[in-house]
Amino acid sequence: MSKYEITGGNALYGEYAVQRAKNSALTIMSASILTRGEVTIKNCPKIADVITLSKIMRKLGAIVEWDGDDLNLDVKNIYTTRVNEKLSEQLRASLFLVGPLLARFKTVSFARPGGCAIGSRPIDIHIDGFKRLGAVMGGDDERINFFATRLTGARIRLKYPSVGATENIMSCAALADGETVIENCAREPEVVDLQNFLNACGARIVGAGSGVIRVYGVEKLVGGVTYEPIFDRIECGSLLLTVLSTGGKVTLKGVNAQIICNLLEKISNNTCKVTVYNDRIYINSSSRPCGFGNVVTAPYPLFPTDLHPQLIACACSGEGKTVLTETVFDRRFAYVDQLKKFGANVRVDGSDVSVEGGRLFGAEVFATDLRGGMALVIGALSANGRSVVHGVEHIERGYSNLHKKLGALGAQIKLIH
Ligand code: EPZ
């Protein structure tokens with residue numbers, strides 16, 4: 001177990017290069033299987049989830065190698081469609097391999113994904129989509145198998161705009177016969193990114209980003225594509241909330257402010273000054289955060305659930321009242337008890353998290369999930385005195401070199417293995 005040793009109280013100054021999106025890279029890696037060729041993901045984030053998915057894909061027969069900051073995938077010789085259960089237990093996103101494997105090989109076997117620290121994480125919407133495309137399901141309470149004599153386009157209405165299910169069904173439908181219409185689908189920018197990647201490989205998909213996606217099945221997709229994912233809007237939001245909390249002046253580089261309007265509005269209505277110029281966001285924070293009032297998490301384009309813990313941590317370090325209602329995941333509150341160790345005045349009531357801002361003091365805390373872990377880093381950076389944040393491996397799943405990037409801004413943070 002690695003840990004961060006952090007001495008809080010420093011304002012942050014300088015430039016921060018935002019990584020490419022974890023949640024694009026993972027789904028594009030999986031979808032590359034459809035091309036039967038080679039794909040390069042430019043500036044792929046070097047994070048634990050990408051490393052774990054690379055291992056899972058190598059066990060399927062793919063060649064996955066880093067070339068500097070680029071990730072080269074050669075999926076010509078996939079020789080099994082049985083997804084390794086041990087490794088996929090560590091990575092919910094391994095589920096995104098199912099659609100592409102089913103589409104290319106008409107058969108796939110994977111471990112029934114368990115719940116995780118943020119919720120039960122069912123996969124019924126994925127399963128229903130594959131069945132609507134003509135796949136037959138088998139297996140037991142450990143593993144799920146799908147096979148299909150052929151995959152045929154269908155009209156599929158999702159009961160909830162699930163990001164993963166939208167992406168899995170899109171990828172599977174790309175090689176199906178005929179047209180698939182996915183209604184009530186997720187509108188996240190990472191879904192648009194996947195559409196753009198698949199179309200660059202020869203797919204014919206339109207509508208991503210709206211509530212209806214149309215996929216016109218094609219014979220095959222081709223490799224030889226180099227694709228750079230969009231910026232990581234959750235890392236960008238995490239940093240904005242960090243600087244709002246610690247104070248300072250930071251330039252976030254390599255971003256597209258257009259796709260995070262809802263977040264920028266919340267932040268710029270607080271006590272800091274936010275300006276946007278081309279692919280940069282400047283944040284100037286010279287006083288403590290005020291309360292955010294009522295915030296509700298919801299599917300894009302509303303406030304993202306993946307910034308819920310970070311916003312709460314920021315609110316705890318400021319003044320005033322915040323009540324956040326979490327509507328996406330049923331159990332994403334483990335970080336709250338840890339925030340209380342900093343002296344935060346925060347409590348959970350059903351799916352509401354209520355905060356009365358105040359002063360925070362150094363503490364020893366334990367991360368149990370990725371975004372909750374980032375919230376604890378924000379708490380520690382804003383607290384007076386020394387803190388220890390255990391469970392850094394959770395945080396490294398989604399943030400590459402976080403301690404080095406924060407240290408370069410003046411944070412006193414050390415990684416202890
Ligand atoms: C993706 O997870 C992201 N992960 C999550 O980011 C993100 O929080 C989530 O979308 C919501 O935006 C990746 O892209 C790798 P969902 P996903 O399916 O696809 C329910 C992070 O920190 N649901 O949109 O698993 C589900 O239980 C991670 O980067 C069903 O009921 O999320 C949840 O309540 C965390 N049945 C809601 O939908 C299903 O078949 C949203 O889940 C699927 C989902």
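Values reported hereafter were calculated over all heavy atoms of this structure, with side chains retained and with hydrogens, waters and symmetry mates removed.
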**Prompt:** So Y227 and F197, would you call those rings parallel, tilted or perpendicular, with 30° and 60° as cut-offs?
**Reply:** perpendicular
**Request:** Anything under 30° is parallel, anything over 60° is perpendicular, the rest tilted; go ahead and classify F130 against F146.
**Result:** perpendicular
Taking NZ, NE, NH1 and NH2 as the nitrogens, is one of them in [X] or [Y] under 4.0 Å from a carboxylate oxygen of the other?
X: K131; Y: D128; answer: no
X: D369; Y: R397; answer: no
X: R332; Y: D306; answer: yes
X: E179; Y: R155; answer: no
X: E235; Y: K405; answer: yes
X: K42; Y: D69; answer: no
X: D232; Y: R20; answer: no

[X] and [Y]: which non-hydrogen atoms are nearest, and at how many Å?
X: P189; Y: I259; result: CB-CD1, 3.8 Å
X: I413; Y: G407; result: CG2-N, 4.0 Å
X: L133; Y: A173; result: CD1-N, 4.1 Å

**Request:** Provide the full list of ring pair (Phe, Tyr, Trp, His ring centres under 6.0 Å) pairs with a residue in residues 289-319, sequence neighbours left out, each pair given once.
**Result:** H308-F333, H308-Y335
Just wondering, are more than 12 heavy atoms of other shown residues or ligands nearer than 6.0 Å to [atom1] in [X]?
X: K273; atom1: NZ; result: no
X: K76; atom1: NZ; result: yes
X: K220; atom1: NZ; result: no

**Message:** For E326 and T305: C-alpha separation, side-chain torsions, deciding distance, then whether side chain to side chain donor-acceptor pair (under 3.5 Å) applies.
**Reply:** CA-CA 7 Å; E326 171 58 53; T305 176; 3.0 Å; yes
**Asked** Just one of D49, V50, I234 clears the side-chain contact (heavy atoms from CB on, under 4.5 Å) bar with K22, so which one?
**Response** D49
**Request:** Identify the residue among V64, D67, I63 that makes a side-chain contact (heavy atoms from CB on, under 4.5 Å) with N72.
**Result:** D67
**Request:** Determine, stepwise, if the pair V212 / C185 fulfils side chain to side chain contact (heavy atoms under 4.5 Å, CB included).
**Result:** CA-CA 6 Å; V212 180; C185 55; 5.6 Å; no
Do [X] and [Y] pair up side chain to side chain, a donor and an acceptor below 3.5 Å, judged on atom types alone?
X: S245; Y: S382; result: yes
X: E190; Y: T27; result: no
X: S351; Y: T325; result: no
X: T251; Y: Y16; result: no
X: T152; Y: D177; result: no

**Message:** If I take atom OH from residue Y282 and atom NZ from residue K253, how far apart are they, to the nearest 0.5 angstrom?
**Reply:** 10.0 Å
**Item:** Listed partners of D330 passing side-chain contact (heavy atoms from CB on, under 4.5 Å), at least two apart
**Value:** S120
**Request:** Would you confirm whether R288, through its side chain, and G318, through its main-chain N or O, come within 3.5 Å as a donor-acceptor pair?
**Result:** yes
**Prompt:** Can you check whether I33's main-chain N or O pairs, donor with acceptor, with R104's side chain at less than 3.5 Å?
**Reply:** yes
